[in-house]
Visitor: 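Quick one: structure below, then a few questions.
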Amino acid sequence: MPLQLDTVTLVLMFITIGITTSVMMFLIWRINRELPGVLFWMVAAILNTATAVASLLTALFAWGGGWGPFLNTTLSLVANMLVLEGALRFRGYDSRRREQLFLALIPLFLLVTWFYRFDPTARGVFHDSIAMTFQIAAGVVMIWRTASPEERRANLLAAFGTIAIGLTIAWRLALALSGSALNGLGPDSPTNQWYLFAGANFHIAWIVGLSVACYYRSRQQVMALAREDALTALPNRRWIDEKLAETLIEAQRSGEHFAVIMLDINDFKKINDQHGHSTGDRVLVQFADRLRQAVREADFAGRLAGDEFLILARRIDTQERLVQLVERIRHQLNETIALSEHEIDIRVSIGIALFPNDGDGPDQLLGTADAAIYRDKRRQSSSAGDPARTYRAPTTASPGFRD
């Protein structure tokens, strides 16, 4: 005879866990409302609690008319759907068409569940097929193409919890489809008892996992704000210093050449003086957008201060490649910025420092690049009106690339 568990106790435990989950999701949502998906998880937890309450009332009072199974199954299906929607939104997969599809599924759930309210086997197969799909899909979404290994690790426990719940549902579904005697009928069947037991424990893993995932996401947002320039949304000086130090360590280990490219906007003070600081700010925002488009995917661009910007250019193995990169950046940035009431002609000065030729520390590289900017400004001033004499990056290696 299989080991028997107390159904009422299991349901009460599930209700307690559901209430705890609802409170936790509510607190996370209140603390950081910008976290997407949390509101859906909170509603899903409330519906799961209502599902457990409906199961308890059915077990204690034997509701007639099929209302207990109808409420239990419908609420559970909607809750599982919201778990998936929360995961999709949390990972940034927004879709208006998907929202419309999910809303259209709710009447279908109501109709089919009502039709099968007196047929526990058919109702169970319908419920378990859909709930299993939602749960496993939600778990996969949490770890699908994460931005970093750290994010994947942060989301792993939540993914495990949802996938484990989905597999538990799949186990009950397989027993029902196979006609196993273990499945039985009613809430006191061994299958339902162990389903509740496993579901409650995996639900705890899901709760804790979501808390970890939300904490990681919130922490990343705070760190991004601390390292991001408020006006242009480019990395700020703090982030630049961190990235430069990191790049130096990697380059010293691998022997790779990289370039520190500093640039600023010529006569930017005149723009502020003639058109006002608000216009100057708008110029910087558009300039930053151009800079993002100008750099390569492997490069790093940030704002040092004022109208000064910096690029860390990796994979610079020849002088020719460096010249081509700098000239392409100059060409893309030296364009007129059209505002609603002004057209601002933009010209940049560029200074370059190459690792390891121009230094092996951040201060040396930044100092060399900064001095090169002023030489570029003087060259441009002396060649004003003569485009043929406009400064270009040197075409010979001086001091050159060395192994």
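Numbers here simply count residues along the sequence, with the first being 1. For the numbers below, each heavy atom of this structure counts, side chains included, while hydrogens, waters and symmetry mates do not.
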Visitor: Can I get a per-line list of side-chain donor-acceptor pairs under 3.5 Å for residues 240-249, giving both atom names and the distance, sequence neighbours left out?
Guide:
unit_1	atom_1	unit_2	atom_2	d
D241	OD1	R237	NE	3.0
D241	OD2	R237	NE	3.4
E242	OE1	R227	NH1	2.8
T247	OG1	K243	O	2.7

Visitor: Does the salt bridge (charged side-chain N to carboxylate O under 4.0 Å, His left out) test come out yes or no for R330 and E335, once each step is laid out?
Guide: CA-CA 9 Å; R330 187 190 298 274; E335 294 287 345; over 6 Å; no
Visitor: Donor-acceptor pair, D267 side chain versus K270 backbone, under 3.5 Å?
Guide: no
Visitor: A205 and G161: which non-hydrogen atoms are nearest, and at how many Å?
Guide: CB-CA, 4.3 Å
Visitor: When you look at OH of Y374, are more than 12 heavy atoms from neighbouring residues, nucleotides or ligands closer to it than 6.0 Å?
Guide: no
Visitor: Hey, can you tell me if F70 and W67 have their rings parallel, tilted or perpendicular (30° and 60° cut-offs)?
Guide: perpendicular
Visitor: Between R314 and E256 (salt bridge meaning N to carboxylate O under 4.0 Å), is one present in this structure?
Guide: yes
Visitor: For N32 and I28, indicate whether the former's side chain and the latter's backbone hold a donor-acceptor pair under 3.5 Å.
Guide: no
Visitor: Would you say that more than 12 heavy atoms from the other residues, nucleotides or ligands in this model lie under 6.0 Å from the CD of Q293, or not?
Guide: no
Visitor: Would you say R98 has more than 12 foreign heavy atoms packed within less than 6.0 Å of its CZ?
Guide: yes
Visitor: Examine distances only and state if a side-chain atom of R303 and a backbone atom of E308 form a donor-acceptor pair shorter than 3.5 Å.
Guide: no
Visitor: Could you tell me whether R347 and D264 make a salt bridge, using a distance below 4.0 angstrom between a side-chain N and a carboxylate O?
Guide: no
Visitor: Quick one: do R292 and D289 make a salt bridge, cutoff under 4.0 Å?
Guide: yes
Visitor: Keeping R290 on the side-chain end and F287 on the backbone end, is there a donor-acceptor pair under 3.5 Å?
Guide: no
Visitor: What distance separates M142 CE from L157 CG, expressed to the nearest 0.5 Å?
Guide: 10.0 Å
Visitor: Supply the atom-to-atom distance S95 OG to R89 CZ, rounded to the nearest 0.5 angstrom.
Guide: 9.5 Å
Visitor: Could you tell me which residues satisfy side-chain hydrogen bond (donor to acceptor under 3.5 Å, both in side chains) with Q364, sequence neighbours excluded, listed by chain and number?
Guide: none
Visitor: To the nearest 0.5 angstrom, please state how far the CD atom of Q220 sits from the OH atom of Y215.
Guide: 10.0 Å
Visitor: In this structure, which one of I316, I373, L354, L325 forms a side-chain contact (heavy atoms from CB on, under 4.5 Å) with I261?
Guide: L325
Visitor: Given the side-chain rings of F40 and F90, with only the six-membered ring counted for Trp, is the space between their centroids under 6.0 Å?
Guide: no
Visitor: Are more than 12 heavy atoms from other residues, nucleotides or ligands located less than 6.0 Å from atom CZ of R33?
Guide: yes
Visitor: Nearest 0.5 Å, what's the CZ-CD1 distance between F309 and I350?
Guide: 12.5 Å
Visitor: Measuring from atom CG of L365 to atom CG of D360, what distance do you get when rounded to the nearest 0.5 angstrom?
Guide: 7.5 Å
Visitor: Which value, rounded to the nearest 0.5 Å, describes the distance between Y216 atom OH and T146 atom OG1?
Guide: 8.5 Å
Visitor: If you measure from the Lys or Arg side-chain nitrogens to the Asp or Glu carboxylate oxygens, is any gap between R296 and D299 under 4.0 Å?
Guide: yes
Visitor: Quick one, N266 with S349, criterion side chain to side chain donor-acceptor pair (under 3.5 Å). Give me CA distance, side-chain angles, the key distance, then yes/no.
Guide: CA-CA 7 Å; N266 294 342; S349 295; 2.5 Å; yes
